[in-house]
Protein chains: 2
Amino acid sequence: MLDPRKLRLLRELAHRGTIAAVAEALTFTPSAVSQQLSALEREAGVPLLERTGRTVALTPAAHLLVEHAQAVLEQLERAEAALRALTEGPRGPLRIGAFPTAARTLLPPALAGLPPGLEPMVTEIDPADVSAALRAGELDVALIHEYDFVPPITDRSVETHALFSEAVFLTQRTSLEEARDDPWILAKPGTLCHTMTIRACQAAGFEPRARHHLDDFDTVLAFAAAGQGVALVPELAARPPHPGVRLTPLPISRRTLIAFRRGYGGHPAVSAFHQVMAGMTVFQSS
Amino acid sequence: MLDPRKLRLLRELAHRGTIAAVAEALTFTPSAVSQQLSALEREAGVPLLERTGRTVALTPAAHLLVEHAQAVLEQLERAEAALRALTEGPRGPLRIGAFPTAARTLLPPALAGLPPGLEPMVTEIDPADVSAALRAGELDVALIHEYDFVPPITDRSVETHALFSEAVFLTQRTSLEEARDDPWILAKPGTLCHTMTIRACQAAGFEPRARHHLDDFDTVLAFAAAGQGVALVPELAARPPHPGVRLTPLPISRRTLIAFRRGYGGHPAVSAFHQVMAGMTVFQSS
DNA sequence: GGTCCAGCATCAGAACAGCTTACGCTCAAC
DNA sequence: GTTGAGCGTAAGCTGTTCTGATGCTGGACC
């Protein structure tokens, strides 16, 4: 019988590409991962890994096995969620990941609406890192966002549900095209917001000239108000209105979603959190 | 993470009812099974077993978990079948279970039609025992039959596909009702054929008086020809026609099916066998 | 071309899990 | 009351699965 623990390592390898990265993500030594994958290869009876230069590559057989591993692990998630739903109600610790703006604006009222026994533990995390953290079991559930220009999570092991949508604004009273020569305030490279701004500008026909790299939208708005550059900010981050910053809505929208491991939605605490988030009226009368 | 090996034990316990029986079926000592189930209970965090008199009973939580265990084990079967399909074609050993008549009539021509690399290993087995043997991994595939009066396999871990249907005959030129006072030749208790005859007679309003208990239909027909009693025989068992036995078709039919572990149909050898069996014309011009 | 470092495999040893054997307990049948 | 089936626990052994050490290979950089 194939061992799900080994299958999990293979799946992670498909995502991360190196044994060392898998080991770090799942808190093993590379040696252990290497041995386990060798054992899996032996049991499978097919070559799964081949050395390519300094790293390993998955054979076609391994990719096929990853697909099946996904299905197996998903069923195991389902089983565990069902057990939790049976044992306990929505109580105990719930590890929540959230992008910074959500942590500041959405979560405080949301957490207040959770069942009393639930102990939320919030970690700020960029949406780009969420699927890895969910797979590794570091988080139970996460709030993420996606922009029109940035592809959503494609990881099959993660399940997402849309919560709401909001507009994106330019921090001055011009069109996006007219801001082509202004200095820009961008988020740090590697974050979703950084990618979004770059793509939006590219779509408008120019490459933004970066002056500042700031992740916190409050700081971004303060810089914009001080004439330090222009930026794109989502509606959620622009409330309450920042004095001294005029906003122009753009035909770009940002969607906020909830994410968790596929099959794990039945977990009572996850389900309770999902319900509270879905029930929130974020923009009651904008 | 829940351990599929332990889940398998729990599933088997749901079928067999005692730890001792599970141990025997899966070739462990009862002690090992007991320990593993205790560990599963600990990991699940819910009571799964409760002593009832001398045996154990599954709690509602355990039954829920069995459902999920089934889904997990099914996915694992799928994964292994896919691996085999990738590694090798239809070759290597294939453990086939078959009811005796099938072994004598159907299998010889069928085996000849299998791909050359395939090494069939046939075991005669009563359909009533097939699902247990499949679950235990003692067989890869089996030929079974079901009668109108006898419920088919209900085991969710086994998948069946109908191959063909045939009529059942009474071994003399009378109606079933007229045979109520004759001595009967029955199969051994516990077999499907035994149950079928009893039920058919009960449906006709009487309880058959057993004289002989014979499983082999050739012997049954020889006894019938010798005036030792009447019996019900399926069409397949009555070919070629037995001299001295007149047959009366009854409005009872017997279906022959192929069975294998759910999800395992993708295994190349199983699939090849299935194809050959489905392609056989058993009753070309009856 | 030489050096450095990242990445992987292999080995030996330690920790752990899982199995068997032995034994005791309980409950039902007779 | 006796017997035997069924389950659980303790002790001991074995195989698995980690870690840590070591060596090899290939790409990057000087």
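Letters go in sequence order (proteins before strands), and every chain restarts at 1.
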Atom [atom1] of [X] to atom [atom2] of [N]: distance rounded to whole Å?
| X | N | atom1 | atom2 | answer |
| --- | --- | --- | --- | --- |
| Met1(B) | dT17(D) | CE | P | 12 Å |
| Arg51(A) | dG26(D) | CZ | C1' | 8 Å |
| Leu26(A) | dT19(D) | CG | P | 12 Å |
| Arg42(B) | dC16(C) | CZ | P | 15 Å |
| Glu43(A) | dG15(D) | CD | P | 17 Å |
| Glu50(B) | dC7(D) | CD | C1' | 14 Å |
| Arg54(B) | dG6(D) | CZ | C1' | 7 Å |
| Leu37(A) | dT17(D) | CG | P | 12 Å |

Legend entry - Closest-nucleotide ordering on DNA chain D, the 5'-leading residue of Asp3(A) and Ala20(B):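 It is Ala20(B), whose closest nucleotide lies nearer the 5' terminus.
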Inset, instruction - Could you check Gly53(A) against Ala21(B) and say which one's nearest nucleotide on DNA chain D is further toward the 5' end? - result: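 In this pair, the answer is Ala21(B).
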Name the closest nucleotide to the [X] side chain, picking from [options].
| X | options | value |
| --- | --- | --- |
| Ile19(A) | dC5(C), dA9(C), dC27(C) | dA9(C) |
| Arg5(B) | dG6(D), dC8(C), dC19(C) | dC19(C) |
| Ala32(A) | dC19(C), dG7(C), dC18(D) | dC18(D) |
| Ser31(A) | dC8(C), dT9(D), dG20(D) | dG20(D) |

Inset, instruction - Looking at every strand, decide which applies to Thr18(A) at a 4.0 Å heavy-atom threshold: base, sugar-phosphate, or nothing. - result: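 The answer is sugar-phosphate, as Thr18(A) gets under 4.0 Å only of primed atoms, P, OP1 or OP2.
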Inset, instruction - With heavy atoms under 4.0 Å as the rule, sort Gln36(A) into base, sugar-phosphate or nothing. - result: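 Sugar-phosphate contact only - Gln36(A) comes under 4.0 Å of backbone atoms but never of a base.
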Legend entry - Cationic N near anionic O, under 4.0 Å, Glu12(A) to Arg135(A):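 Looking at Glu12(A) and Arg135(A), the cut-off is met.
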Legend entry - Charged N-O contact under 4.0 Å between Arg84(A) and Glu88(A):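 Salt bridge: no.
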Legend entry - Short side-chain N/O contact to dT19(D) OP1/OP2 from Thr29(A), under 4.0 Å: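 For Thr29(A), the contact criterion (side-chain N or O under 4.0 Å from OP1 or OP2 of dT19(D)) is met.
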Legend entry - Option among Arg156(A), Arg11(A), Arg8(A) that satisfies the side chain to side chain donor-acceptor pair (under 3.5 Å) test with Gln70(A):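 Answer to the side chain to side chain donor-acceptor pair (under 3.5 Å) test with Gln70(A) among Arg156(A), Arg11(A), Arg8(A): Arg11(A).
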Inset, instruction - Please work out whether the ring planes of Phe99(A) and His145(A) are parallel, tilted or perpendicular, with thresholds of 30° and 60°. - result: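 Because their plane-to-plane angle is over 60°, the rings of Phe99(A) and His145(A) count as perpendicular.
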Inset, instruction - Please confirm whether any donor atom in the side chain of Gln35(A) sits under 3.5 Å from an acceptor in the base of dT16(D), or the reverse. - result: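 By the distance-only test, no, there is no pair.
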Inset, instruction - Give a yes or no on this: more than 12 heavy atoms of other residues, nucleotides or ligands lie within 6.0 Å of atom CZ of Arg261(B). - result: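 Buried by this count: over 12 neighbours within 6.0 Å.
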